[in-house]
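Computation of the quantities below employed the complete heavy-atom set of this structure, encompassing side-chain atoms and omitting hydrogens, waters and symmetry-equivalent molecules. Keep in mind that this is a model prediction, so the values were computed, not measured. So you know, we letter chains A, B, ... as the sequences are listed, proteins then strands, and number each from 1.
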2 protein chains.
Amino acid sequence: MVNPALIQEISQLEADFCFALSDPTRLLILYALADQPRNVTELTNDLNVIQPTISRHLKVLRERGLVYTVRQGTTVTYHLSDTRLIQALDLLRTVMRERLAYQASLMEETKASSNA
Amino acid sequence: MVNPALIQEISQLEADFCFALSDPTRLLILYALADQPRNVTELTNDLNVIQPTISRHLKVLRERGLVYTVRQGTTVTYHLSDTRLIQALDLLRTVMRERLAYQASLMEETKASSNA
DNA sequence: TGCATATATGCGTTTATGCGTATGAAAGCA
DNA sequence: TGCTTTCATACGCATAAACGCATATATGCA
């Protein structure tokens, strides 16, 4: 038997990790970094989001270890920590896509029966 | 070239999907349902969380298609929609575990050098 | 119909989140 | 040192989330 308090704590950690993925800008940052490492200014330009907002989102990702930084003079380059993150996101996206397709098909059926 | 607005929208959808995973109780619900389908009362007992809270979390999961329901009389049994969700969560957990281990090792080094 | 069980939801409160603006801090260089 | 560039953060505001409590809704049955 596993300690319930421990299970609670692990779930909290995992939820906290997932929280980092629950914002569209943060996802776009992760995808951009998966393509190649970028500094803050580059992310600001590439995503067309103002710099303080980018920095705040980077902080969320950094605190959870999803990205790491390399300082080069005045610039800070952000790197994706683990490409399996992208694998996991791709899997989630696949599941989501099929769910949406299924729900859309249900709507089609509804439309058909209302026409009958 | 891909429409930027479309990318935005897909990221928003995916973030919304991930949001469902960003709460420890919802994760525990998903793991419980991965083990076997359960009704609301069973989830309430198994997770030791009061019923309205369970119902609200189930609504979040249901709205995003992560779970689906089967009504049997007065009870409503919840099912996990796609076991690949658990695969994705396992992958995230693996990444997270390695990150935490790495960070812990950094702390050990810090301790060692301060002792030197 | 009246009642019991199971589930969902409205309400009010507390807390957390995201964002824009302004500003602070770090590094390089004249 | 003073200036510039780059990045991080504090503050204030608006919005959203989570929760407990109470209550509404749905189903089955006497």
Side-chain angles (χ1 to χ4, degrees), chain A residues 8-9 11-30 32-33 36-81, chain B residues 8-9 11-30 32-33 36-81:
Chain A
Q8 281 286 339
E9 195 154 346
S11 301
Q12 177 63 62
L13 275 174
E14 192 170 12
D16 203 56
F17 203 75
C18 290
F19 168 79
L21 310 175
S22 70
D23 179 276
T25 301
R26 285 197 290 269
L27 289 177
L28 291 174
I29 289 175
L30 290 175
L33 297 185
Q36 63 175 30
R38 292 165 210 250
N39 62 43
V40 178
T41 300
E42 288 168 341
L43 286 170
T44 296
N45 294 331
D46 296 347
L47 303 187
N48 200 28
V49 175
I50 63 175
Q51 178 266 320
T53 296
I54 292 285
S55 279
R56 264 192 305 260
H57 284 307
L58 286 172
K59 183 180 187 178
V60 172
L61 299 173
R62 188 172 8 102
E63 286 173 340
R64 289 158 181 80
L66 285 76
V67 301
Y68 67 92
T69 59
V70 176
R71 174 146 226 149
Q72 300 154 311
T74 62
T75 74
V76 177
T77 301
Y78 279 77
H79 299 250
L80 187 67
S81 292
Chain B
Q8 280 286 339
E9 195 154 347
S11 300
Q12 177 63 60
L13 275 175
E14 192 171 12
D16 203 55
F17 204 76
C18 289
F19 168 79
L21 309 176
S22 71
D23 179 276
T25 301
R26 287 197 289 270
L27 289 178
L28 291 174
I29 289 175
L30 290 175
L33 297 184
Q36 63 175 35
R38 293 165 209 249
N39 63 42
V40 179
T41 301
E42 289 168 338
L43 286 170
T44 296
N45 295 331
D46 296 348
L47 303 188
N48 199 29
V49 175
I50 64 176
Q51 179 267 320
T53 296
I54 292 286
S55 279
R56 265 192 301 262
H57 283 307
L58 286 171
K59 182 178 187 179
V60 172
L61 298 173
R62 189 174 6 103
E63 285 174 340
R64 289 159 180 79
L66 285 75
V67 300
Y68 66 93
T69 60
V70 176
R71 173 147 227 149
Q72 299 154 311
T74 62
T75 74
V76 178
T77 301
Y78 279 76
H79 299 250
L80 187 67
S81 291

Send over the distance from [X] [atom1] to [N] [atom2], rounded to a whole Å.
{"X": "Leu58(B)", "N": "dT7(C)", "atom1": "CG", "atom2": "C1'", "value": "10 Å"}
{"X": "Leu43(B)", "N": "dT7(C)", "atom1": "CG", "atom2": "P", "value": "9 Å"}
{"X": "Gln72(A)", "N": "dC29(C)", "atom1": "CD", "atom2": "C1'", "value": "18 Å"}
{"X": "Tyr68(B)", "N": "dT7(C)", "atom1": "OH", "atom2": "P", "value": "17 Å"}
{"X": "Ile54(A)", "N": "dG20(C)", "atom1": "CD1", "atom2": "P", "value": "11 Å"}
{"X": "Arg71(A)", "N": "dT5(D)", "atom1": "CZ", "atom2": "P", "value": "16 Å"}
{"X": "Glu63(B)", "N": "dA16(D)", "atom1": "CD", "atom2": "P", "value": "14 Å"}
{"X": "Leu47(B)", "N": "dT7(C)", "atom1": "CG", "atom2": "C1'", "value": "16 Å"}

5' priority, DNA chain C, between Thr77(B) and Val49(A) [closest heavy atom]: Thr77(B)

Close side-chain approach of Thr53(B) to His57(B), heavy-atom, < 4.5 Å: yes

Side-chain donor or acceptor of Arg71(A) paired with backbone N/O of Gly73(A) under 3.5 Å: yes

Donor-acceptor under 3.5 Å (Arg62(A) side chain, Tyr78(A) main chain): no

Leu61(B) and its side-chain contact (heavy atoms from CB on, under 4.5 Å) partner, picked from Asp23(B), Ile29(B), Leu21(B): Ile29(B)

CD (Glu9(B)) with more than 12 external heavy atoms under 6.0 Å: no

Under 3.5 Å, which N/O atoms of the protein pair with N/O atoms of nucleotides 9-19 of chain C?
unit_1: dG10(C); atom_1: O6; unit_2: Arg56(B); atom_2: NH1; d: 2.9
unit_1: dG18(C); atom_1: OP1; unit_2: Arg26(A); atom_2: NH2; d: 3.2
unit_1: dC19(C); atom_1: OP2; unit_2: His57(A); atom_2: NE2; d: 2.8

Shortest side-chain distance from Asn39(B), nucleotide among dT6(D), dT7(C), dA8(D): dT7(C)

Under-4.0 Å side-chain N/O to phosphate OP1/OP2 contact, Thr41(B) with dT7(C): yes

Phosphate OP1/OP2 of dA8(D) contacted by Tyr78(A) side-chain N/O (<4.0 Å): yes

Over-ring placement of Arg26(A) relative to Phe19(A), 6.0 Å and 45° cut-offs: yes

Least distance between heavy atoms, Ser11(B) atom then Leu28(A) atom: OG-CD2, 3.0 Å

